[in-house]
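See below for the structure under consideration.
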There are 4 protein chains.
Amino acid sequence: MSQPDMIKELLLAQDQDGKLSEKQVKILEAAVEIFSEKGYAATSTSEIAKKAGVAEGTIFRHYKTKKDLLMSIVTPTLTKVLAPFMARDFVKKVFENDHNSFEDFIRLLIKNRYEFAKKNLPIIKIFLQEIAFHEEIREQYKAIFNEQVKKKFFAIIEHFQEKGEITDLPPTTVIRLSITTVIGHLFTRFIVLPNQDWDDEAEIERTIEYIMKGLRKDER
Amino acid sequence: MSQPDMIKELLLAQDQDGKLSEKQVKILEAAVEIFSEKGYAATSTSEIAKKAGVAEGTIFRHYKTKKDLLMSIVTPTLTKVLAPFMARDFVKKVFENDHNSFEDFIRLLIKNRYEFAKKNLPIIKIFLQEIAFHEEIREQYKAIFNEQVKKKFFAIIEHFQEKGEITDLPPTTVIRLSITTVIGHLFTRFIVLPNQDWDDEAEIERTIEYIMKGLRKDER
Amino acid sequence: MSQPDMIKELLLAQDQDGKLSEKQVKILEAAVEIFSEKGYAATSTSEIAKKAGVAEGTIFRHYKTKKDLLMSIVTPTLTKVLAPFMARDFVKKVFENDHNSFEDFIRLLIKNRYEFAKKNLPIIKIFLQEIAFHEEIREQYKAIFNEQVKKKFFAIIEHFQEKGEITDLPPTTVIRLSITTVIGHLFTRFIVLPNQDWDDEAEIERTIEYIMKGLRKDER
Amino acid sequence: MSQPDMIKELLLAQDQDGKLSEKQVKILEAAVEIFSEKGYAATSTSEIAKKAGVAEGTIFRHYKTKKDLLMSIVTPTLTKVLAPFMARDFVKKVFENDHNSFEDFIRLLIKNRYEFAKKNLPIIKIFLQEIAFHEEIREQYKAIFNEQVKKKFFAIIEHFQEKGEITDLPPTTVIRLSITTVIGHLFTRFIVLPNQDWDDEAEIERTIEYIMKGLRKDER
DNA sequence: AATGAATGAGTATTCATTCAT
DNA sequence: GATGAATGAATACTCATTCAT
């Protein structure tokens, strides 16, 4: 039920000394579970305390406010959602090897994000819900995206456009269409119809094929 | 800011005699606006009352509970989101005219939903947020989708597959990929980057092209 | 279920012209029923209106306040509870006929009050409950008792003491003991154990005998 | 005004460890006082909080609901009202000493209950008022009476009937008449006319005499 | 560090009452 | 006379947060 890896990573992100109090783990686990089920606003701190098996006051020893607790969950996730594009050598790797194709790139992306979504589902749900209501989260996200991700993504798209692998639509549009399709797959897979029988291997390949065909340069 | 048409339609859905008390309109307008900004759980009835310019008690004369008020906003929207597929002669129209292509169908769909999204944005936001937290909304939505929409959509997809216009992937996958792309466009357009300069005509055409190419039958 | 006679008498007491609007009857019936079940404070006017089948406002056309409605039920009852002792010729009748005994008096009293309790139970319940909480009711009751009943009762007791039929205890004590026993019988009969099988004839005779023996003058 | 002994006993009944928070005492004192004056339904929790000198939330930390608070007052009283009859050796004591008379029994009862009523008046008032409106209280009372008191009382009455000390009326009737007279005395003394000058010693003896004579076996 | 009692502002909802129709 | 929409104060209860232990 609980996903200890996920929580451990959250804790590492929060407490660089690695001093993870046992109570703190319990609080985070409880918060993630309830926030993702009922939403931040509809969750009470006393509920979290009860599920975590700690006193109400203990939460506030570790997190100044309820919102602090939320942010301590959401902020590390923020970066991890975009993580693949933030690695320093990410673009370099894509470029340097001449026989890397756009398809390889998309396949890498889709599989990587599939694993990430699978592992971090509850936190991602919280993130998706709360970004709509908290300006700070939006700001943080935009900052990271604009400063660290945007340029790299553009570079990649333009690289493959120059190589003639994909259509010459405006890069913004290419990015929108491809990301949208990737996210749409994950969303359907994990949130809309998580209980349906999925042949994940096949579905991923079909999604890749759809993107590739959709973005293929018209040979004319 | 307020979208009177949208509210009027809500009221018509609620009160078939068209007896729209002025206060009731104000309450709905206020509720839609605040719910969509802050979310249902984070919105207080006193806030709604203040913005609507009515006494707090007045809200409860028209809606038994706060949740009732939410449902009176969401339920009519539920059907309208799926409306195009619920029209009786919808499938017939698609089929009967032999020169109707899959592209015509997608273009109709995408333009129609674009207009709908543009007009009903706040309510759609509420709907998207709250469907995650309220079992009843999910149930209602599933019921409508399964009973009224699913079969028709399958019929259409299979029709065009038989005509050889689109690829022979499982219809479920075809539906997922196309709907995902349409929704992804609207989501980016109206929610993620509503303030960006959009050349909507062009962007719609590009989206259609992407879907068409992505689903095109491999000629081999 | 409803006791129309009881209500009619209430109405007569309230409206000397006998103009009993149909709605007014319904309101009183509803109020008596709900007040006696749940108590005045726990009953809402909207509940009364609903049960009476009238609009909320209609109650306040006939009774200025909710308390007014209560008083219009309780006040006439006030006098009727003590009615036998208020009749002008009550004492005279007891005295004038030389062969009237104390036992006759007690028997008359006990039977008369038994019939009264049987017929007016719900109103009496209201009266008993609310006299504890409303100073006005207490004041009214004391006034009537002191001005109209006390002296007569004393006169009767002293009359039979002089005749040597009953013990020479202080009249206050005699009154307390006899009234207490009469009321105690009715209370057990109608409120504590109303559903038990009662042989009322026998039980009344036993009660009379108990009072008679308890108050008999010691022959010595 | 407040009766600390009474409250202390309530607290002991509620908290067997004797850990009586000071605030909790204040809350109970305030609740007893206001409930007994205005009745449960007409008393607001904010009023109790104010009189107790605590925050409104504090009440709900100790008692889940307002009704819980009422029950925590009424339930211990329930048993104490019937306490004399619940002692294990109660009947034995009455029987074993051959020269114990019915009069001794009644005198013991009447004096004991007089002291009890004197000490617990406000709580008894609450009990008497609220038993009329709360099914749970009635059920609890009936259960205790039927299981613990009824049989013993019958045994005592039948014992003295066999000894020829009291009349051969049905025991139910004997019980009704005697209890009614005892309660009637207390009711008049403490509730109807608490402010009158009472010669309690004398009045108690007169009441005992009335019961004894009323129930005496006719010698014939 | 951890507790949990205490707080008082805030919550959804109900209430008795008014008044235009 | 009767209605019922409208009110705003009041209600029981919850909340995030504080702080003495």
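Bear in mind the structure is a predicted one, so any value in this text is a computation, not a measurement. Both backbone and side-chain heavy atoms feed into the values below; hydrogens, waters and symmetry mates do not. Numbered from 1 within each chain, the chains take letters A, B, ... in sequence-line order.
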Practice problem: Round to the nearest Å and state the distance from Tyr40(C) atom OH to dC15(E) atom C1'. | Solution: 12 Å

Self-check item: DNA chain F-proximal residues of residues 53-62 of chain B, any heavy atom under 4.0 Å
Solution: Val54(B), Ala55(B), Gly57(B), Thr58(B), Arg61(B), His62(B)

Quiz item: Quick one: Lys64(D) NZ to dA5(E) C1', roughly how many Å, whole number?
Solution: 18 Å

Quiz item: Rounded to the Å, how far apart are Gln24(B) CD and dA5(F) P?
Solution: 9 Å

Self-check item: NZ/Lys26(A): more than 12 non-hydrogen atoms of other groups inside 6.0 Å
Solution: no

Practice problem: Write down the distance between CZ (Phe35(D)) and C1' (dA12(F)), rounded to a whole number of angstrom. | Solution: 12 Å

Exercise. Measure the distance from NZ on Lys66(D) to C1' on dC13(F) and round it to the nearest whole Å.
Key: 12 Å

Quiz item: Could you give the NZ-to-P distance, from Lys26(B) to dT7(F), as a whole number of Å?
Solution: 11 Å

Practice problem: Could you check Glu47(B), Glu33(B), Gln129(B) and say which one makes a side chain to side chain donor-acceptor pair (under 3.5 Å) with Lys38(B)? | Solution: Glu47(B)

Self-check item: Residues within residues 133-140 of chain A bordering DNA chain E, heavy-atom distance below 4.0 Å
Solution: none

Quiz item: So, do Leu69(C) and Ile48(C) sit near enough that their side-chain heavy atoms are less than 4.5 Å apart?
Solution: yes

Quiz prompt | Counter-base of dA16(E), judged by Watson-Crick or G-U geometry with both distances under 3.5 Å | solution = dT7(F)

Exercise. Round to the nearest Å and state the distance from Glu47(A) atom CD to dG4(E) atom C1'.
Key: 18 Å

Quiz item: If you look at every strand shown and take non-hydrogen atoms under 4.0 Å, does Ser44(A) touch a base, only sugar-phosphate, or nothing?
Solution: sugar-phosphate

Practice problem: Measure from NZ on Lys67(D) to P on dT11(F) and round the result to the nearest Å. | Solution: 19 Å

Exercise. Would you confirm whether the ring centroid of Tyr40(D) sits within less than 6.0 angstrom of the ring centroid of Phe133(D)?
Key: no

Quiz item: Cut-off 3.5 Å, side chains only: do Lys67(B) and His134(B) have a donor facing an acceptor?
Solution: yes

Quiz item: Hey, what do you get for CD1 (Ile126(B)) to CD (Glu37(B)), rounding to the nearest 0.5 Å?
Solution: 10.0 Å

Quiz item: So, is Lys23(D) near the phosphate of dT7(E), with a side-chain N or O under 4.0 Å from OP1 or OP2?
Solution: yes

Self-check item: side-chain N/O Thr45(B) vs dA12(E) OP1/OP2, d < 4.0 Å
Solution: yes

Quiz item: Just how far is it from atom CD1 of Ile131(D) to atom OH of Tyr141(D), taken to the nearest 0.5 Å?
Solution: 6.5 Å

Quiz item: Are any of Ser46(A)'s side-chain N or O atoms less than 4.0 Å away from OP1 or OP2 of dT17(F)?
Solution: no

Exercise. Mind listing the closest non-hydrogen atom pair of Leu28(A) and Ser72(A) along with its distance?
Key: CD2-OG, 4.1 Å

Quiz prompt | Side-chain donor-acceptor pair present, Thr45(D), Glu56(D), cut-off under 3.5 Å | solution = yes

